[in-house]
Amino acid sequence: VSPGVYFHKSKTGEVIYVGKAAVLKNRVRHYFQNPKNRDLKTHALVQEIYDTDWIETESEIDALFLESEMIKRYMPRYNILLRDDKSQLFVRIDMKSDWPHVSFTRNPADDGAEYVGPFYNGYSVKKALRYLRKIFPYYTKPDGKQTSRLDEDLGLSPRRAEGSDAYKKNLKKLMSYIKGNRVAIAKELEKEMKQAAAQHDFEMATMYRNKLQAMKELQRRVMFGDREHLDISKDRALTDIAYILGLRQPPKRIEGFDISHQSGDNVVASMVVFTNGVSNRAEYRKFKMSKQKNDDTYSIYETVYRRLSPKNIASWGAPDLLLVDGGKGQLKAAIKAQKERGTHFSIISIAKREEEIIVHQADSFVDVSNVQAALPNGVIVRSDGEFLVINLHVGQRNLGSHAKNLRGETSFSPYADVTKLFQRIRDESHRFAIGYHSTLKRLRQTASSLDDIPGVGQATRRKLLKAFGSLRAIKQAEEQAVAEVVGPRLARTIKQVL
């Protein structure tokens with residue numbers, strides 16, 4: 001009777017469909033019953049199913065997270081054919097606003113708002129947020145427009161009298177809850193309840209008690225299970241990585257690194273985190289390089305050196321495996337940074353074009369003898385001086401340096417799951433780095449345009465960008481709206497220049 005995610009596989013072991021279910025047993029059994037009610041695409045899928053695997057989750061909503069992640073990792077062909085939603089759904093919260101609201105979008109923008117997702121089943125996510133609104137009241141319209149007094153009395157909308165800061169604190173708890181930090185939120189609510197009771201504020205203590213009770217009631221319906229409790233032994237990619245690299249156990253925390261810049265300008269780096277094989281956006285970090293130059297190896301060195309500082313290890317946690325996007329030069333730079341920090345984490349790289357795994361024979365902190373002995377026929381391991389180069393997908397080639405899938409498949413690799421996971425981490429680190437680079441580039445262009453206007457300095461520029469979000473929004477705004485931020489005289493000048 002458990003909810004979870006299931007994987008239909010073909011005879012070769014390829015994952016051809018990923019789905020979620022409130023009750024796994026009933027959903028999987030449904031595929032093999034009532035053949036008359038199937039459409040042609042579902043019939044074709046059933047004809048090709050040879051094996052089915054599954055991972056149980058704590059709730060249906062947790063299954064939504066996992067389903068979305070696994071579809072992005074494996075890109076199963078039948079999910080493309082059978083998918084109901086035309087695109088993925090994100091939960092958006094505009095924390096820059098004085099009175100933020102919660103909304104949904106299929107096209108996340110780099111506008112400073114918080115985005116959680118993506119999800120493939122929009123109906124289920126919206127239903128979950130309606131339940132959570134009873135515990136963490138929020139607005140559904142900008143600045144609380146069209147919100148009735150009844151919503152406040154029912155506890156669905158925040159009380160204005162409590163102030164914007166208290167409301168934002170409540171929204172941060174909502175976001176933390178969505179991202180899986182249920183246990184921490186429950187402990188915090190319990191602590192606040194006891195503090196209110198100790199101060200004889202029994203009305204407030206009752207409110208916290210009711211929230212705790214509501215969380216317990218929702219546990220079976222909309223509980224976001226702690227990803228640390230996923231059964232990672234069911235994730236074949238993680239167990240295979242441990243086997244190939246001779247690790248003591250499957251890596252719980254894998255960190256991926258990439259660099260993005262334009263001819264040495266706005267050089268940035270990304271660090272993405274996959275916890276138990278699932279992207280963990282709350283743990284992502286971005287770095288702006290201290291030296292702006294076209295040198296990826298130096299940038300990787302600086303990024304890994306900063307990441308492995310004692311302060312960051314204590315704050316962010318220790319990685320089980322570091323995955324660098326690049327070749328031997330980038331891997332040597334990362335190893336140099338690790339040596340200077342005196343840490344001993346497993347570290348490898350993945351080459352862009354051929355997507356081969358590169359391991360340093362002495363300093364990657366993997367069992368090199370195991371690599372050469374463990375891999376079966378159909379996998380190539382070659383020694384290249386101080387490095388080992390592992391090709392897990394013989395007969396497959398990639399058409400581009402950042403393509404999302406290997407093309408030209410001639411035979412199914414026994415380690416396709418590992419390749420898919422590494423591709424997913426690499427593509428996510430690339431996306432995150434490019435996003436940060438684009439943000440800095442746009443802000444630089446915006447700053448340049450505003451700085452050319454007489455009377456606009458750094459403080460005024462910050463005010464305008466905080467109020468409107470972008471140069472384009474300032475251009476489109478009415479002069480009166482700009483005047484409310486900077487005064488009528490300067491607003492007239494800004495509108496004339498822009």
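The shown structure was predicted, so the numbers you read here are calculated from the model rather than taken from an experiment. Heads up: numbering here begins at 1 and tracks the sequence.
Here Y301 pairs with Y305 under the ring-ring contact (aromatic ring centres under 6.0 Å, His included) rule; sequence neighbours left out. Taking S346 as the reference, L247, L321, F365, V366 meet the side chain to side chain contact (heavy atoms under 4.5 Å, CB included) condition, with sequence neighbours excluded.
A heavy-atom distance below 4.5 Å is not found between the side chains of R285 and R306. A 4.5 Å side-chain heavy-atom check between F274 and R424 finds at least one atom pair inside the cut-off. A 4.5 Å side-chain heavy-atom check between Y74 and D417 finds at least one atom pair inside the cut-off. Two residues are said to be in side-chain contact when any heavy atoms from C-beta on lie closer than 4.5 Å; L171 and V102 meet this criterion. Side chains of W316 and R253 form a contact here, defined as non-hydrogen atoms less than 4.5 Å apart. Within the 4.5 Å cutoff, side-chain heavy atoms of W99 are placed close to those of S164. Considering only heavy atoms from C-beta on, H101 comes within 4.5 Å of P142 through its side chain. Side-chain contact between F422 and I241 is present, with at least one heavy-atom pair separated by less than 4.5 Å.
From T343, atom OG1 reaches atom CG of L308 across 4.5 Å, with rounding to the nearest 0.5 Å. Taking CD1 of I335 as the start and OG of S349 as the end, the distance is 8.0 Å to the nearest 0.5 Å. Taking CG from L24 and CH2 from W54, the interatomic distance works out to 8.5 Å, rounded to the nearest 0.5 Å. Once rounded to the nearest 0.5 Å, the distance linking CD of Q330 with CD1 of I350 reads 12.5 Å. From F287, atom CZ reaches atom CE of M271 across 5.5 Å, with rounding to the nearest 0.5 Å. Between the CZ atom of R489 and the CZ atom of R492 there is a distance of 8.0 Å, given to the nearest 0.5 Å.
Aromatic pair Y284/F432: ring centres closer than 6.0 Å. Ring-centre distance between Y139 and Y167: below the 6.0 Å cut-off. Aromatic rings of F202 and H200 (six-membered ring for Trp) have centroids within the 6.0 Å cut-off, being under it.
A side-chain donor from one of T52 and H8 sits under 3.5 Å from a side-chain acceptor of the other. Side chains of N280 and T275: a donor-acceptor N/O pair is present below 3.5 angstrom, by distance only. With no hydrogens or angles considered, no side-chain donor-acceptor pair links D296 and S299 at under 3.5 Å.
A pairwise comparison of heavy atoms in I494 and V486 identifies CD1-CG2, 4.1 Å as the closest pair. Summarising the geometry of S429 relative to D258, their closest heavy-atom pair is OG-CB, 3.7 Å, with the distance given to 0.1 Å. Across all non-hydrogen atoms, the minimal contact from E302 to K288 is OE2-O, 4.2 Å. Taking every heavy atom of both residues into account, A205 and A197 meet most closely at CB-N, 3.9 Å. Looking at every heavy atom in both residues, R73 comes nearest to A237 through NH1-CB, 3.5 Å. For G277 against L238, the heavy-atom pair with the smallest separation is N-CD1, 3.7 Å.
Between E428 and R426 no salt bridge is recorded (no basic side-chain N to carboxylate O distance below 4.0 Å). Looking at E255 and R307, a side-chain N of the basic residue comes within less than 4.0 Å of a carboxylate O on the acidic one, giving a salt bridge. Here K20 does not pair with E56 in a salt bridge; the nearest charged N to carboxylate O distance is not below 4.0 Å.
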Show your reasoning for whether side chain to side chain donor-acceptor pair (under 3.5 Å) applies to D295 and T297. CA-CA 6 Å; D295 186 346; T297 55; 2.7 Å; yes
For a side-chain contact (heavy atoms from CB on, under 4.5 Å) check, start with the C-alpha distance between I254 and V273, then their side-chain angles and the critical distance, and finish with the verdict. CA-CA 6 Å; I254 303 177; V273 179; over 6 Å; no
Verdict with supporting geometry, Y78 and V18, side-chain contact (heavy atoms from CB on, under 4.5 Å): CA-CA 8 Å; Y78 279 101; V18 174; over 6 Å; no
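The main-chain N or O of V272 is never found under 3.5 Å from a side-chain atom of E283 such that the two would form a donor-acceptor pair.
The list of salt bridge (Lys or Arg N to Asp or Glu O under 4.0 Å) pairs with a residue in residues 339-350, not counting sequence neighbours, reads K339-D363.
Stacking of K293 on the aromatic ring of Y298 is recorded, both the 6.0 Å distance cut-off and the 45° axial limit being met.
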